[in-house]
S.K.: 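Structure provided below as structure tokens; questions to follow.
A quick note: this is a predicted structure, and the numbers were derived from the prediction, not measured.
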Amino acid sequence: MDEQALLGLNPNADSDFRQRALAYFEQLKISPDAWQVCAEALAQRTYSDDHVKFFCFQVLEHQVKYKYSELTTVQQQLIRETLISWLQAQMLNPQPEKTFIRNKAAQVFALLFVTEYLTKWPKFFFDILSVVDLNPRGVDLYLRILMAIDSELVDRDVVHTSEEARRNTLIKDTMREQCIPNLVESWYQILQNYQFTNSEVTCQCLEVVGAYVSWIDLSLIANDRFINMLLGHMSIEVLREEACDCLFEVVNKGMDPVDKMKLVESLCQVLQSAGFFSIDQLTVLSDQQKANVEAIMLAVMKKLTYDEEYNFENEGEDEAMFVEYRKQLKLLLDRLAQVSPELLLASVRRVFSSTLQNWQTTRFMEVEVAIRLLYMLAEALPVSHGAHFSGDVSKASALQDMMRTLVTSGVSSYQHTSVTLEFFETVVRYEKFFTVEPQHIPCVLMAFLDHRGLRHSSAKVRSRTAYLFSRFVKSLNKQMNPFIEDILNRIQDLLELSPPENGHQSLLSSDDQLFIYETAGVLIVNSEYPAERKQALMRNLLTPLMEKFKILLEKLMLAQDEERQASLADCLNHAVGFASRTSKAFSNKQTVKQCGCSEVYLDCLQTFLPALSCPLQKDILRSGVRTFLHRMIICLEEEVLPFIPSASEHMLKDCEAKDLQEFIPLINQITAKFKIQVSPFLQQMFMPLLHAIFEVLLRPAEENDQSAALEKQMLRRSYFAFLQTVTGSGMSEVIANQGAENVERVLVTVIQGAVEYPDPIAQKTCFIILSKLVELWGGKDGPVGFADFVYKHIVPACFLAPLKQTFDLADAQTVLALSECAVTLKTIHLKRGPECVQYLQQEYLPSLQVAPEIIQEFCQALQQPDAKVFKNYLKVFFQRAKP
């Protein structure tokens, strides 16, 4: 191995060495025999450096994951032997390997397991257990391998292909038959051996049991010997949490009701012996029980508190674990609220009031958790539509008191980001408080707008506040009228578009500015001002964007440097996005026209459309303008139509698959919305659009270029979706008027889509198009030659597609495609009558060598008035027909 390159694996190595190590890793990945060097290094313990060992496992992992099928049987055997040799060596090592190496080794074992268990290594677990026996180091690795296997087979966060999902199901079924009872026995032996002497191994084993219990026979775990042991673990502090998690998984799984009842009773006895409650008297809590529940509540509240080490600026794995832990505690608090809502409310109120009284001298984590508890009450004591301040008087009064204290105490000025964020989160969660006590709105608005919120020194706080401010204004729009112009003046500087050359760092990111623009739009549109005033305010809001856009577009046309071009295009895209976002404020009750703002948005359109003819940075500019057009079709309705032809013409120039894919939904939207109004435009651009699509689809691509293949598949889907929109919007004359040759070409592509491409989503769309065309043109007065086309092409497509090996009747999407295929056949029968049945009986089905009795059965099912009967029959028909 390249010893110099290996030096770069050390985290403290300089960047040159690290680059060399990365390059070396890439080199080894493509080398046909480099994995053997790594396998030998692991088996013979050539290297003592942890990072080199990890590196060797990474190379092996890549080989097993991506290139295993290329290896000979001897080479595959070598990998198995290497891993077993490495495992045997761990039993003798004076020191265990580092955790990250053990985890990586477990992943490689798991990958090899899913690849080989069903075919070449059915004794996988037997071989591993033979090596590890009850050696604590071996057991540790065995349990890590089991967790890695579970992750490969059932982890829902891992996206599996349908082929992998089928393989995983088969592996689990085989494991249940062949080895799960032995594995369960090994877990019991491990727990029994180590429960009092090695808490780490015991906890690992409990985690394995909890993971596997979801998919193995529950009776193997939910029995006296296992449950008694788990209940015993609950009295051992270091094992308690893992034992609880394990029991939770057991109880969570479907069980026989009698067995589940016994298990719950056993758990209740354990909790009763700990003094939590009495089984005989759960309805009314005694004073002692109340004290116990309150003690648990206070303990949970204390556990919710951040510790001194929590790094708010650079949150890592530890911080993520604490956030997850907080979620668990929150669920526990919700459960306690079900036991005694009054007790929880009183406990939170006491903690909140005493903390907020002296917030200036209290540590940030205690202030934060006090506000957090108030925030959490909303879910612990749920009500419909956030009506926390009506209904139950004592609860409403307590929450009102706490909210009043929150907004008047001055705690929003606390100098810690966690407290500031919690303040704003809570204010927005309880926005209905401000309809009860609107006098507090001005001081909360100021908190949002000054150094406590949108102008805070922390970018994280500014970003979150931008979103929360938008929600606050939207939810209280009726109360906002007195403050509108003041707010618009105060946010003026936050609305500025920051071009790349102005040098100063803007307070908000462009994503955050979207929320501010939306908020400004909401304030203007929902105001009680007359239409002229709304128009003036909207023009004030959007004119600076339009002016800046024109200047930046000119600069882009002249820019030579590609980096500068990209940053200018980015800025132009943001300008279009901001204008687009303001339009979200309009609704059916407050349309653009009613607010007198049509002219402003038409001006925006005229300003933005020239960007489509810019030859530089086409992708980003087209994307932004296209999104704006989508919005304007909704907001301006037919007023947008004069702009569509020239916009379309520009967007169809120099097209890639992705451009077309994103352009077609725009045309679909126009077609579905305006129908006959856009017929002349559609007829004119129909064939140019199709030529652009066909040209891209026919471009040659590398055989193994998966991204190009996927792009073409998505474009094909978009093309068929376009035809579906045209036919489904009553616009079939757009196709009919393209001339006989073009019409035939279009129809042939639909038949190809239904039969030739193994893409059930596209196939379903094609059958929908075909059934619609048969419905429109399939009668006696249809276009000349269409009836022949039905019998020559559409009927065969309904059989050839489902008979293909790639047409998987176990797949849900494929079943939907088959359902549309059935609709197509039913529609043909409806339009052509007995002639269709005669053709199937005497010509087509006999040509497929279908037995006469099956032909008879098929035609009877087709003539059934209930379409569902035929759909069900068709599935059975093709299941029988396939080998």
Side-chain angles (χ1 to χ4, degrees), residues 612-613 615 618-619 622-623 626 645 647-668 670-671 681-727 731-732 734-770 772-773 785-786 789 792-794 796-798 800-801 804-807 813-814 817 820:
L612 291 175
S613 54
K618 288 199 307 281
D619 284 359
R622 283 181 181 181
S623 173
R626 197 166 41 235
S648 300
E649 193 183 327
H650 285 303
M651 284 192 267
L652 280 176
K653 277 184 188 158
D654 309 321
C655 270
E656 296 300 323
K658 189 168 174 287
D659 298 320
L660 285 164
Q661 227 174 287
E662 290 171 356
F663 172 65
I664 290 169
L666 183 72
I667 299 301
N668 290 350
I670 293 163
T671 306
F681 158 70
L682 269 182
Q683 293 197 37
Q684 189 186 338
M685 61 81 62
F686 187 82
M687 285 318 294
L689 173 59
L690 264 59
H691 285 316
I693 293 169
F694 297 157
E695 193 269 317
V696 171
L697 288 176
L698 292 169
R699 277 181 205 165
E702 293 279 326
E703 197 178 331
N704 297 324
D705 188 346
Q706 288 193 324
S707 71
L710 182 62
E711 277 198 344
K712 284 189 176 183
Q713 183 190 48
M714 299 312 285
L715 178 57
R716 231 179 257 113
R717 283 184 190 176
S718 297
Y719 162 60
F720 295 132
F722 167 61
L723 294 181
Q724 184 191 347
T725 306
V726 171
T727 53
M731 310 272 283
S732 58
V734 168
I735 301 174
N737 294 344
Q738 299 302 320
E741 198 179 315
N742 285 332
V743 172
E744 188 174 354
R745 188 177 178 192
V746 170
L747 293 177
V748 167
T749 63
V750 180
I751 296 292
Q752 286 173 334
V755 178
E756 289 178 22
Y757 304 111
D759 176 3
I761 293 172
Q763 288 174 295
K764 180 183 86 169
T765 310
C766 289
F767 281 119
I768 292 171
I769 296 164
L770 292 172
K772 191 70 190 172
L773 289 175
F786 188 73
F789 187 85
K792 275 187 189 168
H793 298 285
I794 300 181
C798 294
L800 297 175
K804 289 226 166 200
Q805 285 306 312
T806 50
F807 200 87
Q813 286 292 347
T814 307
E820 294 303 334

S.K.: Report yes if some heavy atom in the side chain of Val726 is under 4.5 Å from a heavy atom in the side chain of Ile769; otherwise report no.
M.R.: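 The answer is no, as the side chains (C-beta and beyond) never meet within the 4.5 Å cut-off.
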S.K.: Are Ile768 and Phe720 side-chain neighbours, meaning at least one heavy-atom pair lies under 4.5 Å?
M.R.: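 Contact flag for Ile768/Phe720 side chains = no.
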S.K.: Measure the shortest side-chain to side-chain distance between Val750 and Ile794 over non-hydrogen atoms and say whether it is less than 4.5 angstrom.
M.R.: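 The answer is no, as the side chains (C-beta and beyond) never meet within the 4.5 Å cut-off.
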S.K.: Atom NZ of Lys804 and atom OG1 of Thr814: how far apart are they, to the nearest 0.5 Å?
M.R.: 13.5 Å
S.K.: Got a salt bridge between Asp759 and Arg716, using NZ or NE/NH1/NH2 to carboxylate O under 4.0 Å?
M.R.: no
S.K.: Using 4.0 Å as the upper bound for N to carboxylate O, is an ion pair formed by Glu656 and Lys618?
M.R.: no
S.K.: Do Ser718 and Phe663 have side-chain heavy atoms sitting under 4.5 Å apart?
M.R.: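 Of all side-chain heavy-atom pairs linking Phe663 with Ser718, none is under 4.5 Å.
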S.K.: Only pairs at least two apart or in different chains count here, so list each ring-ring contact (aromatic ring centres under 6.0 Å, His included) that has a residue in residues 687-712.
M.R.: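 Non-adjacent pairs meeting ring-ring contact (aromatic ring centres under 6.0 Å, His included): Phe694-Tyr719.
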S.K.: At what distance, to the nearest 0.5 angstrom, does NZ of Lys772 lie from OG of Ser732?
M.R.: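 So the NZ of Lys772 and the OG of Ser732 are separated by 8.5 Å.
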S.K.: Taking the side chain as every heavy atom from C-beta outward, state whether Gln738 and Val734 have any atom pair closer than 4.5 Å.
M.R.: yes
S.K.: What's the spacing between Leu666 CG and Ser648 OG if we round to 0.5 Å?
M.R.: 6.5 Å
S.K.: Can you see which heavy atom on His650 is nearest to which on Leu612, and at what distance?
M.R.: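 Of all heavy-atom pairs spanning His650 and Leu612, the closest is CB-CB, 3.7 Å.
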S.K.: Rounded at 0.5 Å granularity, tell me how far CD1 in Ile693 sits from CG in Leu698.
M.R.: 11.5 Å
S.K.: Might you point out which heavy atoms bring Phe767 and Ala817 nearest each other, and give the distance in Å?
M.R.: CD1-O, 3.8 Å
S.K.: Which heavy-atom pair separates Ala721 from Thr765 by the least distance, and what is that distance?
M.R.: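 Closest approach of Ala721 to Thr765, heavy atoms only: N-CG2, 4.0 Å.
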S.K.: Indicate the atoms forming the closest heavy-atom contact of Met651 with Arg622, along with that distance.
M.R.: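 Closest heavy-atom pair between Met651 and Arg622: O-NH1, 3.5 Å.
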S.K.: Which is it for Phe786 and Leu773 under the side-chain contact (heavy atoms from CB on, under 4.5 Å) test, yes or no, and what are the steps along the way?
M.R.: CA-CA 9 Å; Phe786 188 73; Leu773 289 175; 4.1 Å; yes
S.K.: Nearest heavy-atom pair of Ala797 and Ile751: which atoms, and what distance?
M.R.: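 Between these two residues, the closest heavy atoms are CB-CD1, 4.2 Å.
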S.K.: Say you draw a straight line from CG of Leu682 to CD1 of Ile670; how long is it, rounded to the nearest 0.5 Å?
M.R.: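 Between atom CG of Leu682 and atom CD1 of Ile670 there are 8.0 Å.
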S.K.: Restricting to pairs with a member in residues 739-748, which pass side chain to side chain donor-acceptor pair (under 3.5 Å), not counting sequence neighbours?
M.R.: none
S.K.: Taking the side chain as every heavy atom from C-beta outward, state whether Phe722 and Leu660 have any atom pair closer than 4.5 Å.
M.R.: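 Heavy-atom side-chain distance check fails, nothing below 4.5 Å.
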S.K.: Indicate yes or no: at least one non-hydrogen side-chain atom of Leu690 is less than 4.5 angstrom from one of Met687.
M.R.: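 Yes; the side chains approach each other to less than 4.5 Å.
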S.K.: What is the distance from atom CG of Asp659 to atom NZ of Lys653, rounded to the nearest 0.5 Å?
M.R.: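 NZ of Lys653 is found 14.0 Å from CG of Asp659.
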S.K.: For atom NZ of Lys764, decide whether the heavy atoms of other residues, nucleotides or ligands shown that lie under 6.0 angstrom number more than 12.
M.R.: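 12 or below, so no.
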S.K.: Using a cut-off of 6.0 Å, state whether more than 12 heavy atoms not belonging to Glu695 lie near its atom CD.
M.R.: yes
S.K.: Is it the case that over 12 heavy atoms from other parts of the model lie below 6.0 angstrom from the CD atom of Glu649?
M.R.: no
S.K.: Nearest heavy-atom pair of Ala801 and Gln763: which atoms, and what distance?
M.R.: CB-NE2, 4.2 Å
S.K.: Can you tell if the side chain of Met685 reaches within under 4.5 Å of the side chain of Ile667, non-hydrogen atoms only?
M.R.: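 In short, these two side chains touch, coming nearer than 4.5 Å.
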